[in-house]
Q: 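This is the structure, below, for whatever I ask next.
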There are 2 protein chains.
Amino acid sequence: MANHLSKPSHTTERKGSASGSEAIDDYLKAIFQLGGPPEDLVSSTEIAIHLSITPASVTNMLQKLAAQEPPLVIYKKHHGVKLSRSGKKRALEIVRHHRLIETFLHQVLDYPWDEVHQEAERLEHFISERFEERIAAKLGHPEFDPHGHAIPAMDGSLPHQQPRSLSQLRPGQSAKVSSVSDKDPEMLRYLAAQGIRPGVRLTLSEQLPFKGAYQVRIGTSTKSALLSHSLAEAISVAVK
Amino acid sequence: MANHLSKPSHTTERKGSASGSEAIDDYLKAIFQLGGPPEDLVSSTEIAIHLSITPASVTNMLQKLAAQEPPLVIYKKHHGVKLSRSGKKRALEIVRHHRLIETFLHQVLDYPWDEVHQEAERLEHFISERFEERIAAKLGHPEFDPHGHAIPAMDGSLPHQQPRSLSQLRPGQSAKVSSVSDKDPEMLRYLAAQGIRPGVRLTLSEQLPFKGAYQVRIGTSTKSALLSHSLAEAISVAVK
DNA sequence: AGTAATATTTAGTCATGACTAATGTTTTGG
DNA sequence: CCAAAACATTAGTCATGACTAAATATTACT
C-alpha cells in the first residue's frame, strides 16, 4: 500500500464550495451589521461585544483582514474599521445566505420564526452556491425573510430602506411594521403572541402609562399591546 | 461602554447544537466506514488515505480519541483502532445526518444523485437535532438514501445487511442492486445513464469479453452494460 | 531466523484564532 | 489643558489539527 498520499496539500485546498473561513465571515457580517451610515467606522469593542470575544482578539483579526489582498476592511488604527468594496460584497453574500436559510427553515421546514436565527447562524457558512440557488428557486426568489429583512440579491444589491424604529414615533402616529430584530427568541415569541409581525399596522396611543413604555393599537382591531423601550427599538417601521 | 464582556469563555461553550469538532466526526466516520466486520482494527494508513491526510496526523488524533472520557476508540498501538461503544454511537449519528441530508437534497431540492454526497459531507457536521428531526419528518422517515444505503435510526440501529459486491457474482447469476457507492460522481452519472440504480435487477452474462470486465443484463429488458472491475465492486447486490 | 521493506509513531513546526497582561492612545471632565 | 477613565494595541500564550523528518515497530522474504 502506497505510503505517499496523492495530495496532502491542506494549505492550498479550500473545502467544499464555501470559500472563506468561518471566523472571517463572522467579522465581516458583524461590521456590516454594526456600521449604520455607509461610511462610518465601527470600533473594536463594538465588534468584540457583538461576537462575544475580547477586543484584543478583534484588533488582531482586523489587521489581518486589512492585510488581505484585496483588503476586506479599511482599518484606521485606534479609530475603527469599515468594509472595503470586496468586504462588503462578501458580507452581503453571508447575509443573503443567512436570510435565505431563515426563510427556507420557516417556509419549507415549518420552523417557528423565533428558532430560525440560531440555525441559520451556523449553516450560513457552509452552504454552496448550488444550495443557495436551489432554495432560492424553491422559495420563488423571496425578497424578505420571516422577520421582514430584505434579502440581498446575488449581485449584492439591497433596497436600502431607511430604518426608523418604533421608538421614534410620535403619539398618535401610525406606521407599518417593516421588520423586527431576529436576535432574541423570547421577544419574537412575545411579538408573535401579540400579533405583531412585518406588514401589520401599529398606532402609537396618546397616553404613555409611564416613561419608557409604549402602548400601541394593533392593526384595525381594538387590541393593543404594551412595549418596553428595548422592544420598541427592536421594531422597524415605515411611516405611511 | 463596559470593557468587561459578559462571557468570553470560548473554552467551555459549544457552538450551536452540533456537539463535536468537525475533525473528530470525520475520523469516527472514516473508522466506521473502513471497519468491515464489527470487531477488526483499522490501520492509520487506511484512515490517512481515506481522509487525504498523513499517517502521522492520524496517529496523533487516534491517541486523543482514545484518551477522551469516555474513549471514542480502542487504540492498539501499531495495530490500529476500532470504535468504542460511544464512538460508534457518534459515528452513526453523523452517518444518519449524512444520509438524511442526501435524501433531502435529492427529494426536496431536486439535486441529481451524483451531487448530493459532496454537499452532505459538509453539512452533516453542522445541523441541529431539530433540523434532523424536521427533514426526517418531511421525508416520512425514510429508510434508505438515494444510493440505497440504510439510514441509521435515531437510536443508532442499522439493519446490518451483508454487503455482497456485484463483482462476486457467478456468470449467469442474477441479483438486485441494493446500493451503489456515492463517492464518485462520474461513476454515478454513468450508472444513471445505464439505468442502474437501487432496486434494479441485474444478471451477469455468461461471457466476459476480457478479464476484469463484467457484462450485465439490466432488468427484464434486453439492454446490457459493460462494467469495469472497480465499477462492479462499487455496486452492492442482494442475491434473490 | 535475520534483514529489507513497509507501516507506525515520536518529536518538533506551523497557521489559525482565541486568550491575558501590559502598554499606549483618545477622549472627557474638572 | 491636563489627568483620569475609557478604549485600543502589542506581546506573548494556548489549543487544535494539520505537516515533515527521524526513529521504531511489524511484516514479509530468502
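Proteins come first, then strands; the chains are lettered A, B, ... in the order of their sequence lines, and each starts at number 1.
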Q: Could you identify which residues of residues 27-35 of chain A place a heavy atom less than 4.0 Å from some atom of DNA chain D, listed by residue number, or say none?
A: none
Q: Does B:R99 reach the main-chain N or O of B:A150 with its side chain, forming a donor-acceptor pair under 3.5 Å?
A: yes
Q: Could you please spell out the steps behind the side-chain contact (heavy atoms from CB on, under 4.5 Å) verdict for A:R134 and B:L105?
A: CA-CA 9 Å; A:R134 296 309 302 148; B:L105 294 173; over 6 Å; no
Q: So, is B:S21 near the phosphate of D:dT16, with a side-chain N or O under 4.0 Å from OP1 or OP2?
A: no
Q: Take B:F104 and B:V116, measure what side-chain contact (heavy atoms from CB on, under 4.5 Å) needs, and give me the verdict at the end.
A: CA-CA 9 Å; B:F104 178 74; B:V116 298; over 6 Å; no
Q: Measure CD/A:E46 against C1'/D:dC7 and give the value in whole Å, please.
A: 12 Å
Q: Under a cut-off of 3.5 Å for both distances of each Watson-Crick or G-U pair, what dot-bracket string does DNA chain C give, using [ ] for crossing pairs and | for inter-strand pairs?
A: ||||||||||||||||||||||||||||||
Q: Could you state the atom-to-atom distance from CD1 of B:I53 to P of C:dT9 in whole Å?
A: 13 Å
Q: To the nearest Å, how far apart are A:I24 CD1 and C:dA15 P?
A: 15 Å
Q: When we call it a touch if two heavy atoms are under 4.0 Å apart, what does B:S44 touch: a base, just sugar-phosphate, or nothing?
A: sugar-phosphate
Q: Pick the closest DNA chain C nucleotide for B:V58 and for A:H79 by heavy atoms, then say which residue is nearer the 5' end.
A: B:V58
Q: Of the listed nucleotides (D:dC19, C:dT9, C:dA18), which one gets closest to any side-chain atom of B:T59?
A: C:dT9
Q: Starting from C1' on D:dT16, measure out to CD on B:E22 and report it in whole angstrom.
A: 12 Å
Q: Return the residues of residues 60-78 of chain A meeting this criterion: a heavy atom under 4.0 Å from some atom of DNA chain C. Order them by number, or give none.
A: A:M61, A:K64, A:H78
Q: For B:D25 and D:dT16, give me the distance from atom CG to atom C1', rounded to whole Å.
A: 14 Å
Q: Looking at B:Y111, I'd like to know if the NZ or CZ of A:R130 sits under 6.0 Å from its six-membered ring centre while staying within 45 degrees of the ring's axis.
A: yes
Q: Select one nucleotide: of C:dT9, D:dC19, C:dA18, the one nearest the side-chain heavy atoms of B:P55.
A: C:dT9
Q: Phosphate oxygens OP1/OP2 of C:dG17: is one of them under 4.0 Å from a side-chain N or O of A:S57?
A: no
Q: Among A:E124, A:E132, A:E129, which one satisfies salt bridge (Lys or Arg N to Asp or Glu O under 4.0 Å) with A:R96?
A: A:E132
Q: Please confirm whether the backbone N or O of A:P71 pairs with a side-chain atom of A:S84, one donor and one acceptor, at under 3.5 Å?
A: yes
Q: Please lay out, stage by stage, how B:K29 and B:E121 fare under the test side-chain contact (heavy atoms from CB on, under 4.5 Å).
A: CA-CA 11 Å; B:K29 192 162 64 116; B:E121 195 71 13; 3.1 Å; yes
